[in-house]
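Written out below as structure tokens is the structure these notes cover.
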Amino acid sequence: MFTDTRTERPSLQQPLSFVGIGEGEKSLARLLWQLIAPHADRIIDDFYARVHDAQIMPRINQGTVERLKVRQAEHWAALFGSAFDEHYANSVRRIGIRHRDIALDPLWYVAGYMAMKIEMVNVIVATTLSPHEKGRMIKTLDKYVAIDMGLALSTYSASIVD
Ligand code: HEM
């Protein structure tokens with residue numbers, strides 16, 4: 001997990017400030033989750049169908065997919081809920097560790113996230129929001145995905161060194 005260089009304590013504040021996640025973005029992210037949540041199952045289903053077709057991880061069975069649908073939706077609720085608390089930190093840590101355990105190449109994680117993010121962008125684009133509001137939502141989504149991917153990958157590489 002990310003460590004504050006001054007206190008040596010785990011902290012999300014510095015990366016959040018760096019990418020520009022403040023109170024405005026947090027409110028937008030909560031709205032964003034209300035838009036995306038009804039589509040989450042479909043987005044995750046399509047994603048694992050794609051993973052299956054590409055033979056990235058042929059041993060993922062339907063039971064695992066059903067479990068991951070719940071886990072991913074819970075994780076995104078925690079992320080976009082914007083508390084950035086211990087609950088979220090543990091969730092992102094588990095993702096890094098689980099992917100490390102199954103030896104998932106980080107390339108697939110990043111490319112996979114990109115595929116799901118595009119589906120989320122499609123949900124935003126299909127709303128009746130103004131172009132300006134859509135732009136703000138998409139920028140907020142980008143910031144959140146960068147933080148989430150970065151933290152999971154930090155855990156991944158830290159747990160390899162451990
Ligand atoms: C090609 C890319 C990916 C593959 C093949 C993959 C595969 C897997 C597998 C096999 C597991 C373990 C399932 C189990 O518990 O038996 C897992 C866990 C998980 N993955 Fe991925 N994953 C990929 C990308 C992603 C992405 C982009 C996300 C986005 C957030 C994600 C979120 C999760 C979550 C939330 C868990 C559960 C962690 C927990 O135990 O709490 N995965 N993944």
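In this chain, residues are counted from 1 in sequence order. Note that ligands are numbered from 1 as they come in the structure, with each ligand's atoms numbered from 1 the same way.
Scanning the protein heavy atoms around atom 3 (C) of ligand 1, the nearest turns out to be Leu104 CD2, 3.6 Å. Taking atom 34 (C) of ligand 1 as the reference point, the nearest protein heavy-atom neighbour is Ile95 CG1, 3.6 Å. Of the protein's heavy atoms, Arg71 NH1, 3.3 Å lies nearest to atom 39 (C) of ligand 1. Atom 12 (C) of ligand 1 has Arg98 NH2, 3.8 Å as its closest protein atom, hydrogens excluded (heavy atom only). From the protein, the heavy atom lying nearest to atom 31 (C) of ligand 1 is Gln72 NE2, 3.3 Å. Nearest protein neighbour of atom 18 (C) of ligand 1, counting heavy atoms only, is Leu68 CD2, 3.4 Å.
No side-chain donor from either of His39 and Asn122 sits under 3.5 Å from a side-chain acceptor of the other. Side-chain contact check for Asp53 and Tyr48: no donor-acceptor pair (N or O, by modelled atom type) lies under 3.5 Å.
Counting the atoms of ligand 1 from 1 in the order shown, those under 4.0 Å from a heavy atom of Ile102 are 7 (C), 8 (C), 9 (C), 10 (C). Set against the non-hydrogen atoms of Arg94, the atoms of ligand 1 under 4.0 Å away are 39 (C), 41 (O). Close contacts of ligand 1 with Val51, meaning ligand atoms under 4.0 Å from a residue heavy atom, involve 1 (C), 5 (C). The atoms of ligand 1 that sit less than 4.0 Å from any heavy atom of Tyr109 are 24 (C), 25 (C), 26 (C), 27 (C), 28 (C). Shown in contact with Thr64 at under 4.0 Å from a heavy atom are these atoms of ligand 1, numbered in order with element: 13 (C), 16 (O).
Side-chain atoms of Glu66 and Lys69, non-hydrogen and from C-beta on, do get closer than 4.5 Å to each other. Side-chain contact between Leu151 and Leu12 is present, with at least one heavy-atom pair separated by less than 4.5 Å.
Between the Arg30 side chain and the Gly81 main chain, a donor and an acceptor come within less than 3.5 Å of each other. For Thr127 (side chain) and Val123 (main-chain N/O), no donor-acceptor pair under 3.5 Å exists by modelled atom type.
Considering backbone and side-chain N/O atoms, His75 never comes within less than 3.5 Å of an N/O atom of ligand 1. For a threshold of 3.5 Å applied to N or O pairs, the pair formed by Arg67 and ligand 1 contains at least one separation below that value.
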Show, in sequence, the C-alpha distance, side-chain angles and deciding distance for Glu119 and Arg42, and conclude whether the salt bridge (charged side-chain N to carboxylate O under 4.0 Å, His left out) test is met.
CA-CA 10 Å; Glu119 289 306 315; Arg42 172 184 57 79; 3.5 Å; yes

Run the numbers on Gln72 and Met116 for side chain to side chain contact (heavy atoms under 4.5 Å, CB included), then give the verdict.
CA-CA 11 Å; Gln72 287 219 19; Met116 289 197 278; 3.5 Å; yes

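Aromatic ring centres of Tyr144 and Phe84: separated by under 6.0 Å.
Of all the N, O or S atoms in His99, the one closest to atom 21 (Fe) of ligand 1 is NE2.
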